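What follows is a short report on a single structure.
These numbers were taken from a predicted model, which means no experiment stands behind them. Naming: A, B, ... by sequence-line order, numbering from 1 per chain.
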Amino acid sequence: MLPNRYAFREAEARLARLWSEADLYAFDADGSGPIFTIDTPPPTVSGELHLGQCYSYTQTDIIARYRRMRGERVFYPMGFDDNGLPTERFAEKRIGRKATEMEHEAFIAACRELTRQTEDHFESLWRRLGLSVDWRYRYSTVSPQAQKVSQWSFIQLYQAGRAYAQLAPALWCPECQTAIAQAEVDDTMLPTLFTTLAFRLPDGGMLPIATTRPELLPACVAIFVHPDDARYAHLIGSMASIESADFSDRPLIEVPILADELADPTKGSGAVMCCTFGDSTDVRWWRTHNLPLRAAIGRDGRMTTLVGPLAGLPTAEARQRILSLLAEHGQILGQETIEHTVGTHERCGTPVEYLHTRQWFIRVLDQKQRLLEAGREVAWHPDYMLTRYERWVENLQWDWCISRQRYFGVPFPAWTCKACGKLQLASFEQLPIDPQLTAPLSPCECGSSDFEPETDVMDTWATSSCSPMIIGRWPDDPAWFAQHFPASLRPQGHEIIRAWAFYTIVKSLYHTGKIPWHETMISGHALSSERRKISKSKGSQEITPDEVIERESADALRYWAASGRTGSDIAFSPETIANGRRLATKLWNASRFTESRLQGLDAAIASDTPPDGLLPTDRWLLSRLARTIAIATSELNRYEYAAARGEIERFFWSDLCDNYLELAKSRLYGEAGPEQRAAQWTLYHTLLTVLKLLAPYLPYITEEIYQGLFRQWEGAASIHISSWPSEHPEWLDSEAEETGKALLELLHQVRRHKAERNLSIGAPLEALHISSQQKALLEAASTDIKSATRAKEIVWTAPGE
RNA sequence: GGGCGAUUAGCUCAGUUGGUUAGAGCGCUACCUUGACAUGGUAGAGGUCACAGAUUCGAGUUCUGUAUCGCCCACCA
């Protein structure tokens, strides 16, 4: 017997244990049937999981559960992205010391221990949330296997000429002392002193130049004006200069005045310094105009010897000193404070610089067309997300920089020969390898065995972009790889289409010539109640997933996560969570009622074959159910989980509970006989179907009811490995639906009649006068009409009477 | 500045190819302890579908423009 109350805390914990012990979600490698492989996003191990992640991971789980019930062999692994800068910063924060202040080995060991603990914690939350992951396949991007894949990928790309090292201007974070990718740069509004400097012209005239970076003056290599700017047209080609003996290695900075479209006549004086490098325009000009390189800022963010006596100062201090020196010499024409956006490193908030360093790149610029075609081969849900990918690819400016000057990451598996400078790659058998700890297997072609190991590590994207290959066991297990690559589905957030989706497509295309997955489901963000992105909102006032689960149940949290259209952002909503709770309670009570009315339940009721003598009411409900199944199925096929859920709920709440149960009550309470059996059969199968339809959303309550009420009659050990309801076109019955509509209208009128007279809905009626065109249809449902209206007698009158 | 989305009831959201009085839940009002459920039920109030044009017999739905918000990118002298 189902108890009166559903105690979710006890039940959810117990069921989660049960599923785990039964390996319920184990991938069946030897079975038959189509394989559905999910290229799960490995959450970054850089803090706690937040509600935003519960939001998107639940959506994926709903799809996984749906597919599993459809008979597909779902391969649903889970990974954790636990190397690279984000994890290092997380570790530094937890340890309270910086990586640069520790022994290399000790820092790595601390990172490993911390990530292991954190990942165990993540796993327990995911289990509690009910994610139907096959935990035997938990992976981590810093694991030996993932490192091996990542290093082998690099070696392959290098040998194919697609990876190369180059001295190049790269975005650099002086705080983290590493190159970073475009994708890691945030815009921050900062107040800045905007200073106008006086450059001298050959004719003795003066040229005003406005700048926010006066400390880069020693790195100034040119001045640019717009070719159409009448004020300066006559100056193009001549030189401008400024005295700089106090703060530069050259006493006079003298640079050419050049013309370029990118100079904006409306900004500052219309003439602008080009320094190597202040911003990306400088980089562009440096390239297109073949300008010399003068690096005023070093890797540590301090000034180089280019600034003469000021060498070694941090940039901010150098700026102050240079400004006061310029002021002393009367070289400042004006100053104002402005607000402007500065590129900052998203991990630490430090303004980024462009430095000329040796970095590893993967060539992508020459493959835009192929990458666009590949993107179009993937089915995007929702489809407009493809456009974001296309715009990103079309607007790519640089090749993909994959190297980082950090510690806890995947090393580049290579050494450089000190004698001849040739790069030596590790051999496959050596992988994974740290070239700083292990030497090459053979000497260099030139005969020397004196090698300089690579000290860089790869950016996290370089490894996480291999996720379909990591879960596909590339290249060690070709049979497995053939089964799981391309993967069926990549779920991910829309903000990283340009990063994760793009990089994954790049790698997949370069290594296999194929797209990495057939479909991708893009999720939106969960926003806090103030409509800010949850992962970015600061402070501890934010409610945690554990709290919500403890207070409201995992089912209720999942219910919220399945609201809203696929891909759209949604605000955290306690009201929606409460609705989830209500739905669970309603399911529980409807099931208890069903259980009580199905005493003496037998195999015939549980069988798929309906008994003879279904009443119009039964046939109406079944017809509505058939439509609900069809709609829910087609919505889930197009990854619109919320639309599917809405349809199921409407059917359950309104058709089944509010109407059918009231109509069928007297049959269910009344005498045994064909009419009662018809109602029992209808109720049994309708409730079971509703539970199955809701099982992907509310895995706990549906399982609890299934175990208590249905398992003994159904074959499956768990609702989650039972079969998804088939569509039953034979239940569609337009005549019964007509009757149903008439019945509902009748019920509505009777209920209004009672409400207007402040009568209880159960108040008996002496006689119910029905005047309807559909008398013939309704008459067959007399028993049920009396049941729902409590009419003692029905009097049929002709329409118009 | 560019791209993509959003703007519908007090709140959170649906509205698939343009077609009769625009939907749901919450909240609100009134009533009902009815033999599953008061974590319930019934009935009801509440919207000039951001704004301005255009196309059409007909526009929440298509087009153009404007405003506001979000994400992404660019700019950032």
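- Looking at heavy-atom distances under 4.0 Å, A:Lys754 makes no contact with the nucleic acid at all.
- Between A:Leu216 and A:Thr315, every side-chain heavy-atom pair lies at or beyond the 4.5 Å cut-off.
- Nucleotides B:G25 and B:G15, compared at atom C1', are 15 Å apart to the nearest Å.
- Taking atom CD1 of residue A:Ile631 and atom P of nucleotide B:G15, one finds them 13 Å apart after rounding to whole Å.
- OP1 or OP2 of B:A14 lies within a sub-4.0 Å distance of a side-chain N or O belonging to A:Ser568.
- Counting non-hydrogen atoms under 4.0 angstrom, A:Ile497 reaches nothing in the nucleic acid.
- Closest to the side chain of A:Thr585, out of B:G3, B:U39, B:G35, is B:U39.
- Geometric assessment of A:Arg490 against the ring of A:Trp500 yields a positive cation-pi assignment under the 6.0 Å and 45° thresholds.
- Nearest to the side-chain atoms of A:His525 among the listed nucleotides B:U12, B:G5, B:C71 stands B:C71.
- The aromatic rings of A:Tyr55 and A:Trp560 sit tilted, their planes meeting at an angle between 30° and 60°.
- At a threshold of 4.0 angstrom between heavy atoms, the contacts of A:Ala643 with the nucleic acid are absent.
- Between A:Arg667 and A:Glu675 there is no salt bridge, since none of the side-chain N atoms of the basic residue sits less than 4.0 Å from a carboxylate O of the acidic one.
- Counting any heavy atom pair closer than 4.0 Å across all strands shown, A:Cys657 reaches a base atom.
- With hydrogens and angles ignored, no donor-acceptor pair closer than 3.5 Å exists between the side chain of A:Arg751 and the base of B:U34.
- Looking only at side-chain heavy atoms (C-beta outward), A:Thr689 and A:Leu693 come within less than 4.5 Å of each other.
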Check against side-chain hydrogen bond (donor to acceptor under 3.5 Å, both in side chains), A:Arg638 and A:His381:
CA-CA 7 Å; A:Arg638 51 191 283 262; A:His381 304 282; over 6 Å; no
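- B:G10 sits 32 Å from B:U55 when the P atoms are compared, rounded to a whole Å.
- You'll find that the side chain of A:Arg565 is closest to B:A14, out of B:C71, B:C37, B:A14.
- Between the CH2 atom of A:Trp380 and the P atom of B:G3 there is a distance of 19 Å, rounded to whole Å.
- Relative ring orientation between A:Tyr389 and A:Trp380 is described as tilted, the plane-to-plane angle lying within the 30° to 60° band.
- Judged by closest nucleotide on RNA chain B, A:Ser573 is the one of A:Ala763 and A:Ser573 placed further toward the 5' end.
- Along RNA chain B, the nucleotide nearest to A:Ile209 and the one nearest to A:Arg757 differ in position, and the one closer to the 5' end is contacted by A:Arg757.
- As rounded to whole Å, 16 Å separates atom P of B:C37 from atom CG of A:Leu656.
- For A:Thr281, the side-chain atoms get nearest to B:C75 when compared with the rest of B:U34, B:G5, B:C75.
- Nucleotides B:A9 and B:A22, compared at atom C1', are 10 Å apart to the nearest Å.
- Within the nucleic acid shown, A:Ser269 has no heavy atom closer than 4.0 Å to any nucleic acid atom.
- Under the 4.0 Å criterion applied to side-chain N and carboxylate O atoms, A:Arg627 and A:Glu647 are not assigned as salt-bridge partners.
- In the set B:C4, B:C37, B:C72, B:C4 carries the atom at the smallest distance from any side-chain atom of A:Thr387.
- When the nucleotides B:C71, B:G35, B:G15 are ranked by their closest atom to the side chain of A:Glu495, B:C71 comes out on top.
- OP1 or OP2 of B:A43 sits under 4.0 Å from a side-chain N or O of A:His748.
- The phosphate of B:C4 has neither OP1 nor OP2 within less than 4.0 Å of any side-chain N or O from A:Trp392.
- Here B:G41 is the nucleotide among B:C71, B:G41, B:C13 with the atom lying nearest to any side-chain atom of A:Trp653.
- Comparing B:C71, B:U12, B:U42 against the side chain of A:Thr576 picks out B:U12 as the nearest.
- B:U61 and B:U7: their C1' atoms are spaced 15 Å apart (whole Å).
- For an aromatic pair to be called close, the ring centres must be under 6.0 Å apart, and A:Tyr354 with A:Trp172 fails this.
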Pair pattern of RNA chain B in dot-bracket, where unpaired bases get dots and | marks partners in another strand, Watson-Crick or G-U under 3.5 angstrom:
(((((((..((((.....[...)))).(((((.......))))).....(((((..]....))))))))))))....
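- Between the CG atom of A:Leu323 and the OG1 atom of A:Thr195 there is a distance of 4.5 Å, given to the nearest 0.5 Å.
- Of all nucleotides listed (B:C37, B:U42, B:C75), B:C37 comes nearest to the side chain of A:Asn589.
- Nucleotides B:G27 and B:U66 place their C1' atoms 34 Å apart, quoted to the nearest Å.
- Comparing the P positions of B:A45 and B:A52 gives a spacing of 28 Å, expressed to the nearest Å.
- Between A:Phe710 and A:Tyr684, the gap from one ring centroid to the other is short of 6.0 Å.
- With C1' as the reference atom, B:G1 and B:C13 are 33 Å apart, rounded to whole Å.
- Nucleotides B:G35 and B:G41 are separated by 15 Å at their P atoms, to the nearest Å.
- Between the CG atom of A:Asp383 and the C1' atom of B:C4 there is a distance of 12 Å, given to the nearest Å.
- Ion pair A:Arg213/A:Glu215 flagged as a salt bridge, since at least one NZ, NE, NH1 or NH2 atom sits closer than 4.0 Å to an Asp/Glu carboxylate oxygen.
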Enumerate the protein-to-nucleotides 26-30 of chain B contacts in which both atoms are nitrogen or oxygen and the separation is below 3.5 Å.
none

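- Using a 4.0 Å heavy-atom criterion, one finds that A:Asp658 contacts the sugar-phosphate atoms exclusively.
- One can place CD1 of A:Ile570 at 14 Å from C1' of B:G70, the figure rounded to the nearest angstrom.
- Contacts of A:Arg638 with the nucleic acid, taken as non-hydrogen atoms under 4.0 Å apart, are absent.
- As rounded to whole Å, 19 Å separates atom P of B:G35 from atom CD of A:Gln599.
- Cation-pi geometry between A:Lys665 and A:Phe593 is met: the NZ or CZ atom falls under 6.0 Å from the ring centre, inside 45° of the normal.
- Going from atom CG of A:Leu583 over to atom C1' of B:A24 covers 14 Å, rounded to whole Å.
- Considering only side-chain atoms of A:Ala755, the nucleotide from B:C4, B:C37, B:A43 that sits closest is B:A43.
- Rounding to whole angstrom units, CD1 of residue A:Ile522 and C1' of B:G3 are separated by 16 Å.
- At B:G41, one or more side-chain N or O atoms of A:Lys586 fall inside 4.0 Å of OP1 or OP2 (strictly under the cut-off).
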